[in-house]
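Since this is a predicted model, take the numbers as computed values, not measurements. Values reported hereafter were calculated over all heavy atoms of this structure, with side chains retained and with hydrogens, waters and symmetry mates removed.
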Amino acid sequence: MHRILEFYSGIGGMQYAFQLSNNSGDILAAFDINTVANSVYKHNLEKFKKKSIIQQKSIESLSISYYDSFNANVWLMSPPCQPYTRTGLHKGSSDLRAKSFLFLIDMLSKMSSPPTYILIENVKGFEESDTRNTLVTQLKNCNYNYQELFITPVQLGIPNSRLRYYMLAKKQPLILKESDRSKIFYHIPCSSYNQPLSSDLIIRPIDDFLHDDVNYEKYSVPNETLIKYGKLFDIVKPSSRRSCCFTKGYYHYVEATGSIIQLSEDLDSDKVFNKVERKGSILGQENIDLIPRLKLRYFTENEIASIMGFPKEFSFPDEITLKQRYRVLGNSINVIVVSELIKYLLSD
């Protein structure tokens with residue numbers, strides 16, 4: 001039985017991934033300071049528990065002896081990505097949001113019972129950061145074998161681009177089956193799902209993840225938004241086998257936050273928006289009327305959760321707003337990808 005600590009636990013993606021990996025173990029504590037994410041975590045994963053495992057405290061405020069007391073052999077974590085994102089300031093370790101992660105890295109050499117297995121998820125860009133260099137130096141000093149990977153859900157047949165950096169580490173003398181510190185892997189060794197990015201990928205259609213009982217009026221993109229920004233949206237159809245990464249800005253911002261769905265398969269959205277655009281600021285009613293025919297709407301929060309690998313029974317507390325739901329999903333992980341990585345990490 002593995003004993004697991006879940007850092008930056010969010011809405012529980014790591015716990016769902018561990019469950020899906022079919023390994024035996026207990027999540028001993030889940031650390032996160034986000035009250036909204038914690039309420040979603042509790043709603044789904046603590047329904048029948050007498051005592052909460054959620055620790056709504058800053059990680060660096062707790063003592064090393066406190067973490068040692070868990071005697072955990074597995075650490076799972078997705079530290080804040082803002083210090084390393086392509087749209088951020090690239091402040092790396094000097095960013096205050098990296099402080100807790102640097103504390104965990106430093107703690108490895110000071111614990112009497114350090115973890116045997118470590119899994120870390122972050123954005124592409126982390127691999128070029130000073131934080132990554134600090135992490136690698138500490139792993140070497142603490143006698144860990146490690147492996148770095150870039151994996152996107154597309155490789156597992158999921159129609160969503162979400163390329164992420166992963167670090168897997170095992171305490172020596174345990175080894176990773178295809179460990180090579182000199183390169184970053186672009187596939188999951190030993191995974192039955194795995195497809196190299198260079199191959200002809202077999203990907204499921206978006207339609208597999210859409211729900212039938214959607215309130216179209218609630219999720220439709222307002223006509224005025226489409227008239228002004230329509231060409232900036234990434235638009236997919238039910239038959240499409242791709243979608244863009246859903247971020248925490250989905251539903252709030254237009255560009256580069258995730259795809260919207262066009263329910264009318266037979267229409268060409270580019271042609272429609274080109275017609276509207278040619279009319280300039282003075283739009284003829286016949287051109288405005290073209291836009292609703294596309295039947296454009298946002299993916300629902302439950303559809304996005306499904307694409308990200310959360311189980312059918314996953315849900316949100318009623319008090320969580322739609323904007324908050326999209327936000328915590330955008331900060332989460334792809335459960336299926338991480339479950340495959342956990343299988344690989346824990347295999348001996």
Side-chain angles (χ1 to χ4, degrees), residues 36 81-82 85-89 123 152-154 158-163 203-308 316 318-332:
V36 174
C81 64
Q82 293 91 338
T85 56
R86 59 184 174 83
T87 56
L89 299 175
V123 293
T152 176
V154 172
I158 301 163
N160 184 239
S161 299
R162 196 180 183 87
L163 185 67
I203 304 170
R204 297 167 63 187
I206 288 289
D207 196 41
D208 284 2
F209 302 89
L210 299 181
H211 294 185
D212 296 327
D213 56 345
V214 175
N215 180 341
Y216 178 76
E217 294 302 318
K218 180 179 179 180
Y219 294 96
S220 63
V221 185
N223 221 34
E224 57 270 24
T225 301
L226 291 170
I227 291 169
K228 193 172 183 179
Y229 302 111
K231 294 195 76 173
L232 296 179
F233 280 105
D234 181 77
I235 299 172
V236 297
K237 298 177 180 180
S239 60
S240 300
R241 295 178 187 268
R242 65 156 200 91
S243 61
C244 288
C245 178
F246 296 103
T247 74
K248 64 181 182 180
Y250 192 68
Y251 188 74
H252 186 61
Y253 297 107
V254 171
E255 197 170 9
T257 60
S259 303
I260 59 174
I261 185 79
Q262 176 186 320
L263 299 177
S264 296
E265 287 269 7
D266 57 333
L267 295 179
D268 186 327
S269 60
D270 284 335
K271 289 181 179 179
V272 169
F273 286 117
N274 283 337
K275 283 184 179 181
V276 172
E277 193 176 58
R278 282 198 298 270
K279 284 291 182 178
S281 57
I282 303 173
L283 296 172
Q285 189 60 46
E286 70 277 8
N287 290 291
I288 294 176
D289 289 344
L290 287 173
I291 295 176
R293 296 179 195 172
L294 294 170
K295 295 185 178 179
L296 292 165
R297 69 166 174 84
Y298 294 100
F299 282 82
T300 71
E301 66 274 36
N302 294 320
E303 289 168 339
I304 294 175
S306 181
I307 290 171
M308 294 177 69
F316 292 90
D318 292 341
E319 67 271 16
I320 305 299
T321 68
L322 188 58
K323 183 179 176 181
Q324 288 173 324
R325 296 178 188 199
Y326 285 126
R327 192 172 181 84
V328 293
L329 280 167
N331 283 332
S332 192

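Side chain of Gln262 to backbone of Leu267: a donor-acceptor contact under 3.5 angstrom is found. Using a distance-only test at 3.5 Å, with no hydrogens or angles considered, a donor-acceptor pair links the side chain of Asn160 to the main chain of Cys244.
Residue Ile291 holds its CD1 atom at 10.0 Å from CD of Glu224, rounded to the nearest 0.5 Å. The distance from the NZ atom of Lys271 to the CG atom of Leu290 is 12.5 Å, given to the nearest 0.5 Å. Residue Ile227 holds its CD1 atom at 9.0 Å from CZ of Phe273, rounded to the nearest 0.5 Å. Atom-to-atom distance recorded for Asp207:CG and Arg241:CZ is 10.0 Å, nearest 0.5 angstrom. From Lys295, atom NZ reaches atom OG of Ser269 across 15.5 Å, with rounding to the nearest 0.5 Å. Interatomic distance, CG of Leu294 versus CD1 of Ile260, reported as 9.0 Å (0.5 Å rounding).
If you run side chain to side chain contact (heavy atoms under 4.5 Å, CB included) between Ile261 and each of Val221, Leu210, Val214, Ile235, only Leu210 comes through. Under the side-chain hydrogen bond (donor to acceptor under 3.5 Å, both in side chains) rule, Glu301 has a single partner from Lys323, Gln324, Arg325, which is Arg325.
In terms of heavy-atom proximity, Ser332 sits nearest to Arg162 at O-NH2, 3.0 Å. Ser306 and Phe209 get closest at one heavy-atom pair: OG-CD2, 3.5 Å. Contact between Tyr219 and Phe299 at its shortest, heavy atoms only, is CD2-O, 4.5 Å. Looking at every heavy atom in both residues, Ser259 comes nearest to Arg242 through OG-NH1, 4.3 Å. Nearest heavy-atom pair across Pro159 and Ser243 is O-OG, 2.6 Å. Among all heavy-atom pairs drawn from Asn274 and Lys231, the shortest one is OD1-NZ, 2.7 Å.
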Evaluate the side-chain contact (heavy atoms from CB on, under 4.5 Å) criterion for residues Thr247 and Tyr253: first the C-alpha distance (whole Å), next the side-chain angles of each, then the deciding distance (0.1 Å), finally the verdict.
-> CA-CA 10 Å; Thr247 74; Tyr253 297 107; over 6 Å; no

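For the pair Tyr216 and Leu263, the minimum side-chain heavy-atom distance is below 4.5 Å. Here the side chains of Pro238 and Glu265 are in contact, with some heavy-atom distance below 4.5 Å. The shortest distance between side-chain heavy atoms of Phe246 and Ile307 falls below 4.5 Å. Residues Phe233 and Leu296 are not in side-chain contact: their nearest non-hydrogen atoms beyond the backbone lie 4.5 Å or more apart. Thr257 is not listed as a side-chain neighbour of Tyr251, based on a closest heavy-atom distance of 4.5 Å or more.
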